[in-house]
Amino acid sequence: MTVIDQEASWVPEADEAEDTEDMPLSTRLSIADTLTLGNAICGFMAVYFTTTGVLIPHLTGNEDGGMARHSAATAVILMLLASVFDLFDGLVARKLRSSAMGAELDNLSDLISFGLAPAYFVVVWGMVADDAHQRVSAVAAVVVLLAVVLRLARFSCVQLRDGIFQGMPSPFGALTVVSIVLLELPFVPTLLAIVGVAWLMVSRVEYPKPRGRLAVAMLSWIVLSMGLLAAWAFDAPGGELLLQTGCALQVVLGAVIPLFATARRVNTFRDNRREARATQLP
């Protein structure tokens, strides 16, 4: 073998070394990424239980009130569990290493659990409820889904000051939409409330991020909501009343937080104007 042949035989190894150096950051799943995937699984299973336990029995004429109630409660519990995964994956990512895929995985999982799952829940409600209109409810579901898509896209592009979200967070919005449906109000008020939540998700209203005591309070509320849903699913004494109360509180929180946020912004604006006028005085 000549010297030239020996040099040529080493060229592929050099290319492999360059390819290795040009590889992106590690794409191995971290602990936070695993929690994020749990979020996605919960969202998909929520769609599954809504289909097999509520929609299919309705279409086939084999409706069982207890089975439908149990399946609907299971679907909502899975959405709540998805919000728990969403809460903890951020906390874990801040404490431990997160992979380069973390942000993308989080957005995709949120789209399934807090966009597709609640929108599908609205569609099925429009098909099985006595006073609902299927096509109109489908439009409302599309509005919810697009609101979550736009919100997640904006979250990836817009930089905000630390500690706040712009617009209602998608987990909170999804749970509020589902709570509105479970309240079993007349069709028109339910439809308007769902569209209102979708608007809040794409609005500029500021919401605090769940950290510290607020994260503990949010987790406690989620656990309590799971208990209320379980009591309703197994037809416990007073379970339906407890569920209606919990859903009403969720909707009230969704309406009150924007009012407090708006009032705080107005007060801050007035204080700034007063300070500016005071500095201009001789």
Side-chain angles (χ1 to χ4, degrees), residues 37-83 108-149 170-171 173-195 197-198 225-244 246-247 250-251:
L37 292 178
N39 173 4
I41 293 171
C42 288
F44 174 78
M45 294 305 297
V47 173
Y48 169 80
F49 279 101
T50 304
T51 302
T52 57
V54 182
L55 180 59
I56 291 179
H58 174 76
L59 295 177
T60 58
N62 298 322
E63 293 183 79
D64 183 351
M67 178 182 176
R69 184 170 62 248
H70 187 274
S71 298
T74 302
V76 180
I77 287 175
L78 284 166
M79 293 185 217
L80 287 165
L81 188 58
S83 65
L108 293 171
S109 298
D110 286 354
L111 179 58
I112 296 172
S113 298
F114 311 126
L116 176 62
Y120 186 74
F121 199 84
V122 172
V123 168
V124 173
W125 159 73
M127 298 177 69
V128 303
D130 295 332
D131 63 338
H133 300 277
Q134 181 176 337
R135 294 182 179 179
V136 180
S137 61
V139 173
V142 170
V143 171
V144 171
L145 180 62
L146 292 179
V148 175
V149 171
S170 52
L175 298 179
T176 305
V177 166
V178 171
S179 297
I180 292 169
V181 173
L182 292 176
L183 279 174
E184 297 182 346
L185 299 173
F187 178 73
V188 174
T190 301
L191 186 71
L192 294 177
I194 290 172
V195 174
V197 173
S225 298
M226 288 182 178
L228 295 177
L229 284 162
W232 174 65
F234 292 102
D235 202 16
E240 185 169 355
L241 178 61
L242 289 172
L243 178 69
Q244 297 287 321
C247 291
Q250 176 71 30
V251 175

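Computed from heavy atoms alone, side chains included, the values below leave out hydrogens, waters and symmetry copies.
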- Residues in ring-ring contact (aromatic ring centres under 6.0 Å, His included) with W232, at least two apart? none
Between [atom1] on residue [X] and [atom2] on residue [Y], distance to nearest 0.5 Å:
| X | Y | atom1 | atom2 | value |
| --- | --- | --- | --- | --- |
| M226 | I77 | CE | CD1 | 7.0 Å |
| S137 | L191 | OG | CG | 8.0 Å |
| L192 | L185 | CG | CG | 11.0 Å |
| I194 | T190 | CD1 | OG1 | 6.5 Å |
| L182 | L229 | CG | CG | 7.0 Å |
| I180 | L175 | CD1 | CG | 11.0 Å |

Mind listing the closest non-hydrogen atom pair of [X] and [Y] along with its distance?
| X | Y | value |
| --- | --- | --- |
| M79 | F114 | O-CE2, 3.8 Å |
| L116 | L145 | N-CD1, 3.8 Å |
| G246 | L228 | CA-CD1, 3.9 Å |
| C247 | S179 | CB-O, 3.7 Å |

Using the side chain to side chain donor-acceptor pair (under 3.5 Å) criterion, which residues pair with [X]? Sequence neighbours excluded.
| X | answer |
| --- | --- |
| D130 | none |
| N39 | D110, S113 |
| S225 | none |

- Task: Could you walk me through whether F234 and R69 pass side-chain contact (heavy atoms from CB on, under 4.5 Å), step by step?
- Result: CA-CA 8 Å; F234 292 102; R69 184 170 62 248; over 6 Å; no
- Any side-chain heavy atom of V181 within less than 4.5 Å of one from F121? yes
- Query: Near E240 CD, under 6.0 Å, is it more than 12 heavy atoms from other residues, nucleotides or ligands?
  - Reply: no
What side-chain donor-acceptor pairs closer than 3.5 Å can you find for residues 40-60, not counting sequence neighbours?
from	atom 1	to	atom 2	distance (Å)
T50	OG1	A46	O	2.7
T51	OG1	V47	O	2.9
T51	OG1	Y120	OH	2.6
T52	OG1	Y48	O	2.9
H58	ND1	E63	OE1	3.4
H58	NE2	M127	O	3.0
T60	OG1	I56	O	2.8
T60	OG1	P57	O	3.4
T60	OG1	N62	ND2	3.4

- Start with the C-alpha gap between R135 and V139, add the side-chain angles, then the distance that decides, and say whether side-chain contact (heavy atoms from CB on, under 4.5 Å) holds. CA-CA 6 Å; R135 294 182 179 179; V139 173; 5.8 Å; no
- Sorted by first residue and then second, give each ring-ring contact (aromatic ring centres under 6.0 Å, His included) pair with at least one member in residues 124-148; sequence neighbours left out. W125-F187, H133-F187
- Counting only N and O atoms by type, is there a donor-acceptor contact under 3.5 Å from the side chain of S71 to the main-chain atoms of A68? no
